[in-house]
Amino acid sequence: MAILNILEFPDARLRTVAKPVANIDESIRTLVDNMLETMYSAQGIGLAATQVNVHQRVVVMDLSETGDQPMVLINPEVKILDDQTCPHQEGCLSVPGFYETIQRPEHIHLTALDRDGNRFELLPDGLLAVCIQHEIDHLDGKLFVDYLSTIKRQRIRTKLEKLNRHPD
Ligand code: GNR
Ligand code: NI
């Protein structure tokens, strides 16, 4: 397995729209394994392939306390079930060090393929619903900072650009 490099805002490659996985072969399973290792090593609860510069619709997550319940979502699709939203503080491995409260739909229906290509469905709520939407946004080239005001997003951009110019 390998730890992959995570792209950081404002890297333009994070704006790429990922393509559906056509078939789940050994190379996709290797990608999933490497993404899981990368997510655990970075202490994240989710990671989208876009963040490691692979533009295919693959997401890994683990919301368990113990970090031993990996979830794999391939070609995930979400339907918003009603207009109820709820606020949640979000962070992102591609926007390190910044945490902001974002409103998202609360009631969603997920369908996706698992690592064996079997379709499954979920009616997630709470943090799981937030995380799924955050990850699918990545696959569509979106970041949580896109929901903030221009001024807040600009402030985060400037700070991260400075940090990346002077990494120590
Ligand atoms: O580790 C992560 N934590 C988190 C917290 C609240 C809402 C979303 C997330 S996802 C994030 C990892 C990440 O950047 N996934 O794309
Ligand atoms: Ni993220």
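Not measured: the values here are computed from a predicted model. Both backbone and side-chain heavy atoms feed into the values below; hydrogens, waters and symmetry mates do not. As the structure lists them, so they are numbered: ligands from 1, and atoms in each ligand from 1.
Met61 and Val59 get closest at one heavy-atom pair: CG-CG1, 3.8 Å. Heavy-atom minimum distance, Leu93 versus Gly46: CD1-O, 3.9 Å. Here the closest heavy-atom approach between residue Gly117 and residue Ile24 is recorded as CA-CD1, 3.4 Å.
Under the salt bridge (Lys or Arg N to Asp or Glu O under 4.0 Å) criterion, the residue pairs touching residues 80-98 are Glu90-Arg104, with sequence neighbours excluded.
Of the possible polar contacts, none joining the Asn34 side chain to the Glu37 backbone as a donor-acceptor pair under 3.5 Å is found. The closest donor-acceptor contact from the side chain of Gln51 to the backbone of Ala48 lies under 3.5 Å. At least one donor-acceptor pair under 3.5 Å links the side chain of Arg29 to the backbone N or O of Arg115.
Using a 4.5 Å heavy-atom threshold, the side chains of Val58 and Val32 count as touching.
A distance limit of 4.0 angstrom between heavy atoms and ligand 1 selects the residues Gly44, Ile45, Gly46, Gln51, Gln89, Glu90, Gly91, Cys92, Leu93, Val130, His134, Glu135, His138.
Within the sub-2.8 Å shell of the Ni ion (ligand 2), the protein contributes these N/O/S atoms: Cys92 SG, His134 NE2, His138 NE2.
A search for side chain to side chain contact (heavy atoms under 4.5 Å, CB included) contacts involving Thr111 returns Glu77, His109, Arg119, Glu121, not counting sequence neighbours.
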